Structure formats: structure tokens, C-alpha cells
Amino acid sequence: MTMITIYMTTALIIILTLMAFWLPIMNQDTEKLSPYECGFDPLGSARLPFSMRFFLAAILFLLFDLEIALLLPTPWASQLNTPSTSVFLAMIILLLLTLGLIYEWLQGGLEWAE
């Protein structure tokens with residue numbers, strides 16, 4: 001039974017690998033062949049104006065993404081000898097980020113269009 005599973009798995013891997021080489025469209029798009037796929041023209045000027053609102057939105061996204069990484073161990077920290085300390089520190093992180101979000105909101109930093 002084990003050998004049948006190994007043979008079937010190997011056959012499936014070979015079939016999927018061959019299909020991955022034969023099925024894709026062979027004519028590539030010129031945008032995909034370009035060295036930059038970010039939407040900027042690679043042959044134009046490198047000193048084009050950059051939207052500060054887009055930059056602010058990206059920084060805020062990274063900040064709140066970091067919040068998730070910082071709060072991820074909280075359920076396991078509740079198993080420690082002093083879970084109240086872990087919960088207190090997690091609440092401080094959430095409070096600081098919430099205050100920062102409220103400040104950005106009141107300053108108009110989250111409004112995309114004027």
C-alpha cells in the first residue's frame with residue numbers, strides 16, 4: 001500500500017511539472033519583461049513626484065501589520081506565571097496604536113481625496 005502511494009505521488013508530481021512547462025502562454029507581455037513591474041516607466045525620469053498620501057497609507061499599513069506581529073504571542077503569554085503582565089503590555093500596545101490612529105484621523109491623514 002505504501003509503494004502504491006509513493007508511485008502515485010511521484011506520477012502526479014511528474015505530470016504537474018510537465019503541465020506547468022507546457023500550459024503557460026509562451027508570448028510574454030512587454031510589461032512583464034520590463035525590469036520594473038511597479039507601474040513606473042523605467043525609461044523616464046527618476047525624479048517624478050511621489051504621492052505622500054500613498055506613502056503615508058503604506059507606512060500606516062506596515063505599522064498595523066507590525067501590531068499583529070507584536071500581539072501574536074499574547075495567547076501563549078497568558079499561560080505564564082503572571083498573565084496579567086502580558087495582558088497589560090498588550091493593552092499598552094493597543095492603546096498607543098489606537099491613540100496614533102485617532103491622531104492621524106483627526107489630522108486628516110487618512111483622507112485619500114481632498
Side-chain angles (χ1 to χ4, degrees):
M1 189 66 168
T2 305
M3 291 306 291
I4 294 173
T5 305
I6 291 173
Y7 289 141
M8 288 182 65
T9 305
T10 306
L12 183 63
I13 289 171
I14 291 171
I15 290 170
L16 289 175
T17 304
L18 292 175
M19 285 175 55
F21 282 113
W22 285 327
L23 284 182
I25 300 172
M26 291 303 165
N27 17 339
Q28 293 287 329
D29 188 17
T30 56
E31 293 294 325
K32 288 290 184 178
L33 293 175
S34 170
Y36 301 101
E37 293 184 19
C38 62
F40 292 113
D41 183 19
L43 303 176
S45 173
R47 300 288 181 194
L48 293 175
F50 188 74
S51 171
M52 285 306 286
R53 293 203 182 270
F54 177 77
F55 182 72
L56 179 63
I59 293 295
L60 286 173
F61 173 76
L62 289 175
L63 180 68
F64 286 101
D65 197 34
L66 179 64
E67 169 201 1
I68 293 170
L70 289 173
L71 294 177
L72 188 62
T74 304
W76 291 282
S78 66
Q79 306 285 327
L80 297 174
N81 293 334
T82 57
S84 59
T85 305
S86 303
V87 171
F88 178 71
L89 292 174
M91 289 305 218
I92 287 176
I93 292 172
L94 285 174
L95 179 68
L96 286 174
L97 288 172
T98 304
L99 290 175
L101 180 64
I102 291 170
Y103 176 76
E104 283 295 325
W105 195 328
L106 293 177
Q107 294 296 315
L110 298 177
E111 294 178 18
W112 192 259
E114 294 181 18

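Because the structure is predicted, anything quoted here is derived from the model rather than measured. Note that these values count all heavy atoms, side chains included, but never hydrogens, waters or copies made by symmetry.
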J.: To the nearest 0.5 Å, what is the distance between OH on Tyr7 and OG1 on Thr2?
T.: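 Nearest 0.5 Å value for the OH-OG1 distance: 11.5 Å.
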J.: Measure the CD1-CE distance between Ile6 and Met8 for me, rounded to the nearest 0.5 Å.
T.: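 If we round to the nearest 0.5 Å, Ile6:CD1 and Met8:CE are 12.5 Å apart.
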J.: Can you tell me how far apart OG1 (Thr10) and CD1 (Ile15) are? Round to the nearest 0.5 Å.
T.: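 So the OG1 of Thr10 and the CD1 of Ile15 are separated by 11.0 Å.
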J.: Which residue, Leu66, Ile102, Leu63, forms the side-chain contact (heavy atoms from CB on, under 4.5 Å) with Leu97?
T.: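 Testing Leu97 for a side-chain contact (heavy atoms from CB on, under 4.5 Å) against Leu66, Ile102, Leu63 leaves exactly one candidate, Leu63.
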J.: Enter the distance from Ile59:CD1 to Phe61:CZ here, rounded to the nearest 0.5 Å.
T.: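 So the CD1 of Ile59 and the CZ of Phe61 are separated by 11.5 Å.
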J.: Can you hop from Leu96 to Phe64 via hydrophobic side chains spaced under 4.5 Å?
T.: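 Per the 4.5 Å side-chain linkage, Leu96 and Phe64 are not co-clustered.
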J.: Spell out, yes or no, whether Leu60 and Trp105 are grouped together once hydrophobic residues are joined by side-chain heavy atoms under 4.5 Å, including indirect joins.
T.: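 In one cluster with Leu60: Trp105, yes.
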J.: CE of Met91 to CG of Leu95: how many Å apart, nearest 0.5 Å?
T.: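 Met91 atom CE to Leu95 atom CG measures 9.5 Å (nearest 0.5 Å).
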J.: Just how far is it from atom CG of Leu101 to atom CG of Leu94, taken to the nearest 0.5 Å?
T.: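 Taking CG in Leu101 and CG in Leu94, the distance rounds to 11.5 Å.
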